[in-house]
Amino acid sequence: GTGLGKTMGYLLPYAYVANAQQKLVIATTTTVLQSQLFAQTQKLADLLDRPINAVIIKSPHHYLDLTQFQHSLQLPAGDRLTAVLQMKLLVWLSATTTGDLDELHLTTYRAPLFGQVAHAGAKAVGPYAEYDFYQRLQTQIKAASIVITNHAYLARHPELAEAQPFLVVDEAQHCADNVALAHAHALDLAKLRIHLQHLARLVNRPEHHNLMQVFADSKMQTYQLQSLATAVAASIATIEAVLIKFGKMLQDPKPGFMAQSLSVEQAQSVEAELRAWLPKLSRQLDAVAGVCSQLQQQYLSHQDHFGVS
């Protein structure tokens with residue numbers, strides 16, 4: 001049950017035996033629970049009147065890349081949301097010691113800026129290498145006696161178990177599913193179709209301001225937009241063909257799993273057909289992305305022409 005003191009029940013004895021050489025690694029389900037577990041270690045340290053060197057580790061994208069953030073500040077002014085988020089990050093940088101973006105407590109991290117400034121996990125170089133949050137975290141892990149992570153991170157980083165640490169799997173009933181999802185690759189065709197349909201409306205939406213009107217005085221951009229519309233239509237047609245064929249099979253409320261049980265022969269047949277259309281869809285989406293990139297460069301290079309200052 002909740003609130004029975006299970007966490008303290010295992011933290012207390014491990015606090016006396018875990019050290020930097022033989023750590024206690026705790027894996028739980030979510031990053032929120034990681035923070036709660038860390039708070040429990042600090043509460044225990046107060047009760048014992050002795051320090052407990054605990055550290056939280058998450059996937060690199062949870063941490064800010066200082067070099068990429070500086071680069072984002074040097075780009076031409078973006079939309080208002082990007083500017084507001086950049087200001088939030090600048091203020092937050094004056095206080096954070098971890099660089100963990102979760103400290104911002106935002107309702108969503110889907111803004112394009114976070115895709116630009118999130119850490120990729122590579123070793124930092126340049127003027128900010130000494131202050132790189134993720135690299136400093138690796139140093140802290142070496143000195144820690146307790147490492148708090150999540151099931152997905154542990155599944156992707158087996159090196160955490162190489163030194164034969166004490167291991168506690170919290171919320172173990174969710175571990176198998178979380179590990180499976182950590183190694184799965186998902187493609188939500190229905191959502192992809194919605195985004196493509198929105199893009200198609202932006203290109204040539206009747207009776208509304210659209211991209212064809214914005215670039216009307218440029219034959220090159222008009223041709224590119226026509227190519228974009230063709231590529232988008234082809235992508236949508238491919239997705240709809242797949243959804244019609246496999247719709248019932250793929251409509252599963254649990255991500256990462258098929259909605260129906262298949263025999264070996266059926267699974268092999270499905271795999272063969274999916275392998276046939278995936279490269280086709282990939283080429284179509286590459287064409288869409290290529291034209292979008294060209295139009296974006298044209299727009300950024302001639303913002304004064306489009307009334308942007």
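FYI, side chains are in, hydrogens and waters are out, and symmetry mates aren't considered; it's all heavy atoms of this structure.
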_Are V55 and L154 linked, directly or through intermediate hydrophobic residues, by side-chain heavy-atom contacts shorter than 4.5 Å (ILVMFWY only)?_
yes

*At their closest point, which heavy atom of T29 faces which heavy atom of N150, and how far apart are they?*
O-CB, 4.1 Å

*Between L113 and L73, is there a shared hydrophobic cluster once you connect ILVMFWY residues whose side-chain heavy atoms come closer than 4.5 Å?*
yes

*Heavy-atom pair of closest approach, residues H119 and G121*: ND1-N, 2.8 Å

_Minimal non-hydrogen separation, F38 against A54, with atom names_ = CE1-O, 3.3 Å

*Taking all non-hydrogen atoms of both residues into account, name the closest pair between K23 and K142 and its distance.*
NZ-O, 3.0 Å

*Of all heavy-atom pairs between K58 and Y153, which one has the smallest distance, and what is that distance?*
O-CE1, 3.3 Å

*asked:* Within the 3.5 Å criterion, strictly below it, is a donor on D177 or H151 matched to an acceptor on the partner's side chain?
replied: no

*Keeping the roles fixed (side chain from S293, backbone from A289), state whether a donor-acceptor pair exists under 3.5 Å.*
no

*So with a 6.0 Å cut-off around CZ of R50, is the heavy-atom count from everything else above 12?*
yes

*Answer yes or no: are there more than 12 heavy-atom neighbours, outside H157 itself, under 6.0 Å from its atom NE2?*
yes

*Would you indicate whether the side-chain heavy atoms of L281 and V242 approach each other to under 4.5 Å?*
no

*Side chain R193, main chain L243, donor-acceptor under 3.5 Å*: no

*asked:* Using only atom types and a distance under 3.5 Å, with no angle test, would you say the side chain of T96 pairs donor to acceptor with the backbone of L93?
replied: no

_Inter-residue atom distance I56.CD1 - I26.CD1, 0.5 Å rounding_ = 10.5 Å

*Answer yes if V25 and V17 sit in the same cluster of Ile, Leu, Val, Met, Phe, Trp and Tyr residues linked by side chain heavy atoms under 4.5 Å apart, and no otherwise.*
no

*Same hydrophobic cluster for I236 and L189, using side-chain heavy-atom links shorter than 4.5 Å among ILVMFWY?*
yes

*asked:* Nearest 0.5 angstrom please: L12 CG to L47 CG, how far?
replied: 9.0 Å

*Roughly how far, to the nearest 0.5 Å, is the CG atom of N19 from the CD1 atom of I146?*
11.0 Å

*Are the side chain of S145 and the backbone of N53 linked by a donor-acceptor contact shorter than 3.5 Å?*
yes

*Pairing residues for Q40 by the side-chain hydrogen bond (donor to acceptor under 3.5 Å, both in side chains) criterion, not counting sequence neighbours*: none

_Would the distance check show the side chain of Q116 and the main-chain N or O of H71 forming a donor-acceptor pair, the cut-off being under 3.5 Å?_
no

*Are any of the side-chain heavy atoms of S35 and D102 separated by less than 4.5 Å?*
no

*Report yes if the distance between the aromatic ring centroids of F133 and Y63 is under 6.0 Å, otherwise no.*
no

*Among all residues two or more places apart in sequence or in another chain, which pass the salt bridge (Lys or Arg N to Asp or Glu O under 4.0 Å) test with R275?*
E271

*Specify the closest pair of heavy atoms between S235 and L196, including all atoms of both residues, with the distance to one decimal.*
CB-CD1, 3.7 Å

*Check each of L285, L278, D286 against S282 using the side-chain contact (heavy atoms from CB on, under 4.5 Å) test, and report the only one that passes.*
D286

*So, S72 side chain and F69 main chain: donor-acceptor pair closer than 3.5 Å or not?*
yes

*Ignoring hydrogens and geometry, is there a side-chain-to-backbone donor-acceptor pair from Q22 to A163 under 3.5 Å?*
no

*Between K219 and T222, does a side chain to side chain contact (heavy atoms under 4.5 Å, CB included) hold up when you go through it step by step?*
CA-CA 5 Å; K219 291 183 179 180; T222 298; 5.6 Å; no

*Is any side-chain heavy atom of I52 closer than 4.5 Å to a side-chain heavy atom of L11?*
no

*With T28, which of D170, N178, T149 fulfils side chain to side chain donor-acceptor pair (under 3.5 Å)?*
D170

*More than 12 heavy atoms from other groups under 6.0 Å of CD on Q173*: yes

*Nearest 0.5 Å, what's the CD-CD1 distance between Q138 and I57?*
5.0 Å

_Single-linkage hydrophobic cluster, 4.5 Å side-chain cutoff, L90 and F114 together_ = yes

*Sub-3.5 Å donor-acceptor pair from the side chain of S269 to the main-chain atoms of E265, do we have one?*
no

*To the nearest 0.5 angstrom, please state how far the CD1 atom of I148 sits from the CG atom of L33.*
11.0 Å

*With distance as the sole test, does Y109 use its side chain to make a donor-acceptor pair with the main-chain N or O of L101 at under 3.5 Å?*
yes

_L37 CG to Q42 CD distance, which is reported to the nearest 0.5 Å_ = 11.5 Å

_Can you tell me if E130 has over 12 outside heavy atoms packed within less than 6.0 Å of its CD?_
no

